[in-house]
Each structure stands twice: as C-alpha cells, then as structure tokens.
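First comes the structure, then the notes that go with it.
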Amino acid sequence: MTRLSEYLLPTLKQAPADAEAISHKLMVRAGLVRQMGAGMWTWLPAGWRVHQKVVAIVREEIDAIGGREMLMPVLQPADPWRKTGRLQIEELFKLEDRKGAELVLAMTHEEAVTFHAAQTIDSYRDLPLILYHFQVKERDEPRPRAGVLRTREFVMKDSYSFDRDQAGLEERYALHVGAYDRIMLRTGLRFYRVESDVGMMGGLGAHEYMAPCPAGEDEIVLGEGYAANVEVARGDSRVQCVADGDGRERWTRDGQALALEPAIEIGNIFKLGTRYSEPLGATYLDEHGAELPIWMGSYGIGPARVVAAAVEQFADEDGISWPVALAPFAVHLVALGRAGTPERDAAELLYAKLNEGGVEAIYDDRDAGVGEKFADADLLGCPLRLTVGRRSLESGEIEVHLRRTREQTGGLPLSADAPTLAKAVDELCQSLP
RNA sequence: CGGGGAGUGGCGCAGUCUGGUAGCGCACCCGGCUGGGGGCCGGGCGGUCGCAGGUUCAAAUCCUGUCUCCCCGACCA
C-alpha cells in the first residue's frame, strides 16, 4: 500500500546546482537519493525499491548457478590484508580500536572469504563452492563523482568461487559469465561484456560489463561483433588507432570503423587463481592426501551503478523512464479531483483493486494540481501511468499512459475486477522494454 | 595529488567590488478560489550569511587561518 500522501518522495523542480551527470540530477530531483557528504549517499524509500529490484535479480541468478548467500563483516582485522600485501593500498580505510589493534574497512572481500575458506574447506570433497553476499564496500576514493556513480561507500554483490584446479575455475567462471549475461539482460540495460586488463590481479583473465551512457568514466571500443575496453583494444593487433587532424582518434578493426563510447562499469569478473589462497593458506587435500592451493574467482556487481546507468540510458527531458524490471512501481496511479468527489472515489476503488490484484502501485492521492501530479509521475518514471478523473467517469475507462513512448493506449474499464486489472497491467508491462 | 569554482532559510539565487545590521523565486504553514500539465489571491513561519580569529563605532561584505562541497585531470586491486 503506497499512497503518496503517506510516503516520502521529496521531488524537486530544480536540480542541485552542483549536479552535472543526468543520473545525479534526476535521482535527486525524483526523490530517490540524497547526499550526506562527498561520496556518501542515502537511498530514500523509492530509490531503495529500485536498488532492491536489482538485488533481487542478481540474487536469483547467482542462486541459480549454485551460489550460497552469506554475510561477511566490513570492519576487519588488518592482518589478512597485510598477508595479501593489500594493506598499503591508499584507498583502503585503516583505523584502530581503543586498544590500538589495527583494523580496516573492507573495500572488497577476498581477504575475508579466503580467511574462512582456509578455516572451513579441508578436502577436495568440499569443492567446488560458490559463496556470495551483498555487503557495503568502503573506499577512500580520491575523487567521488557523479552522484551515486562513484561513491566512497556502496553496496556490492561479490561472489567467490573455489575449485581444486584451473579447469574447475574455468567452469565456475563460465557459470558466472552466463549468470551475469542473464542479469544484465533482465535489467533491460544496454550493455557489453568486454575483455579487460587483468592488471595486478594476476594474468588469468577478466571481463567487465559495461553500460554505455553519457556519464561513463571509461571508454569502450565498439564494432560489428566487437566490444573491448580501450586498453585491450590497443593491444589487439587487428585494431588500429590513428589520430586525425583535430586530435581525435579514429579506430578501425580490419579496416572497419569502430565507435568509441563512454560507459560505466557495472560488473566485473576475475580469475584470481591462487593469488589469495596461497598467502592466506587456503588449501585442500586431494585424493592422494596432497595439500594443494584452492583456485579462486571473484565476481562483482554494483546495484547502484546499474540503477544510475538505467537512469542515464533512458531519461528524457521530463525525467526518468525505468525499464519495467527496475521500476520502483509498475503503476503510477493519478487521482484527479478533490477528496470526496466521485472521480476521487473511483480512484480510491481502483487503487484498492490494484492492491488486491497484487499490482505494485504508487497512488498519488495528494491534494495537488494536475500539472504537479503529472510532472512528478514523469520524473519518477514508472512505466505505466493510470489516470482517473471526470473523463474516466464519463467514458467508464481508466486512461493508460506509457511513460517511455508517451503513448496513450486504449483505456481499461473502470468496472474491471481485481484479477482482470492485474492481468491487464501485467500484459502491458510484458509488452514494454 | 595538480588545476578551476562555490559555501547566504529545504532548493535555486541576489547582496560582497564601494562595511551601516539580510532580500527574491520556489517549497512549507493558514484561509479562500481553482481543478486534465508544476494554477490564482491574501496572510504567515523560517537564515547569528560554513567555522575560528582579526581590523573597525559597526563585518555577509575587508584581512588571516581553517573546514566543506562541486567540476576537469591523475587515480580507480
């Protein structure tokens, strides 16, 4: 039951002056998030619903490949970080407790999960295994930016795979590629899976999931059947990059023109190998009693970035236009007329029926003008807007407006019962991107 | 970390150059009208001007220090 009159949706006519990125402006204007400090953001009720939509999709797909959800702490002893050599990373928050013991705020959870793997995995019989959690990450970013896109604290789904050898790791990695592909497809985002630099993480391979959008921090190179991040493309012998007269770069692959697009990284997957299991002593005994290091993989996805990328990709001049899978509500019901009027009574009845039918709806029952209500509905960006006013009473129909296309579809009968309404809404949603 | 910009009511801004005790729009509260795209009229509430120190009879305004935030770049395990 979500009546706007009893909700917290602080929409704004003007964006904060210091906001630059589309997602930053719109997410604040639509009442989804508010800032507390540099790189520190609060998710307000409607924004958190969207975030949780992403979380639910991710959870389903990681569960489907056999992931086991758990929860590890953010506050951790410094020791494992010292052992893996990551204690001196500048982005790592370090602190002491009252006794002077060294602690860190985890920026990711390889140390923690490997620490526990060392404790609890003893035999080849315990493998393979996929563990994951949704947990806050803390990073002392030199420069947080663009609203929720680059923050110092954010929730991440990170999963970790454990195998007895490299072949097993390849299998677990392939399972994650499949899960990540399905996750991204389900969100409705436009995305690319690109090979990425393995950097200092070890040379076994990595991919990034990139969502093209104007606020993107990275650049990807795109062609027919080809997508790579810039670093990888530069190392590809078939790819050529020449500067033209204006100092701009022209990319080609086998002579075919490639496009350069800004994108944000919404997920990444790494083959870690024994990078963490060796220093932390995560080993198992094989059939012959030999002690061997566990082969690991690490797989991250940032729901907040998925949300921001969706805003960036589908926004228009009036506000957000969510993909159905991420929308805070499927339906934004607008009631016209004051409380006590017949049209308002009809809206109330419709709202009750939507709830009864299990439709996720936000109901604008405020005593506000039409313009304000429609403007807020456009801003918030729910895929379907249903309007009940005098016209509805005359025609006997609820007006249906599609946010993405601004299409006014044939009305639904006001007299429809709850199951019929739910079915109609569901069918409409399925026809939408 | 380098470069640039900004801190005045919840949001957007003016006032600072040329010191005289804070103003506008929106939002909010009350009353009335209106009711299909941020509507209208009237009446209100709310800010020791980021913080600290200094100069002065007097500081949002001048001086010094400091904190915070934003943008570009570097960075981004």
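Order of the sequence lines sets the chain letters (A, B, ...), proteins ahead of strands, with each chain counted from 1.
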If we check side chain to side chain contact (heavy atoms under 4.5 Å, CB included) with A:Arg385, which of these qualifies: A:Leu380, A:Leu333, A:Asp378?
A:Asp378
Pull out every protein N or O sitting under 3.5 Å from an N or O of nucleotides 71-73 of chain B, one pair per line with the distance.
from  : atom 1 : to       : atom 2 : distance (Å)
B:C71 : OP1    : A:Ala146 : N      : 3.4
B:C72 : OP2    : A:Arg143 : NH1    : 3.2
B:C72 : OP2    : A:Arg143 : NH2    : 2.8

When you check the side-chain N and O atoms of A:Lys157 and A:Ser159, is any donor under 3.5 Å from an acceptor?
yes
A:Tyr363 and A:Glu348: side-chain donor and acceptor closer than 3.5 Å?
yes
By the 4.0 Å heavy-atom rule, please label A:Gln35 as base, sugar-phosphate, or nothing.
sugar-phosphate
Under 4.0 Å, counting only non-hydrogen atoms across every strand here, what does A:Pro10 touch: a base, just sugar-phosphate, or nothing?
nothing
Searching all strands shown, indicate the nucleotide that pairs with [N] (Watson-Crick or G-U wobble; both distances under 3.5 Å).
N	answer
B:G46	none
B:C69	B:G5
B:A74	none
B:U16	none
B:C62	B:G54
B:C26	B:G10
B:G31	B:C41

Among all residues two or more places apart in sequence or in another chain, which pass the side-chain hydrogen bond (donor to acceptor under 3.5 Å, both in side chains) test with A:Arg193?
A:Asp181
Nucleotide of B:G35, B:A77, B:C13 approaching A:Ala17 most closely (side-chain heavy atoms)
B:C13
Take atom [atom1] of [X] and atom [atom2] of [N], then tell me their distance rounded to the nearest Å.
X	N	atom1	atom2	answer
A:Arg152	B:C75	CZ	C1'	15 Å
A:Glu90	B:C75	CD	P	13 Å
A:Leu9	B:C28	CG	P	13 Å
A:Asp158	B:A77	CG	P	15 Å
A:Glu110	B:A77	CD	P	11 Å

A:Arg68 to A:Tyr132, cation-pi by 6.0 Å centre distance and 45° axis angle:
no
With respect to A:Ser161, which candidate in A:Tyr173, A:Trp295, A:Tyr299 satisfies the side-chain hydrogen bond (donor to acceptor under 3.5 Å, both in side chains) definition?
A:Tyr299
Expressed as a whole number of Å, how far does the [atom1] atom of [N] sit from that of [M]?
N	M	atom1	result
B:A74	B:C63	P	35 Å
B:U56	B:U21	C1'	14 Å
B:G10	B:C51	P	13 Å

Salt bridge (Lys or Arg N to Asp or Glu O under 4.0 Å) between A:Lys271 and A:Glu170, worked out
CA-CA 8 Å; A:Lys271 297 173 194 170; A:Glu170 298 292 346; 2.9 Å; yes
A:Gly39 or A:Met107, whichever maps to the more 5' nucleotide of RNA chain B
A:Gly39
Position toward the 5' end of RNA chain B (nearest nucleotide), A:Ala38 or A:Ala15
A:Ala15
A:Tyr160: what forms a ring pair (Phe, Tyr, Trp, His ring centres under 6.0 Å) with it, not counting sequence neighbours?
none
Please identify each residue that fulfils ring pair (Phe, Tyr, Trp, His ring centres under 6.0 Å) with A:His401, with sequence neighbours left out.
none
Scan nucleotides 36-44 of chain B nucleotide by nucleotide, 5' to 3', and note B when protein non-hydrogen atoms come under 4.0 Å of the base, S if they reach only the sugar-phosphate, - if neither.
BBB------
Quick test of your reading: applying ring pair (Phe, Tyr, Trp, His ring centres under 6.0 Å), list the pairs with at least one residue in residues 7-33 of chain A, sequence neighbours left out, ordered by first then second residue.
A:His24-A:Trp41
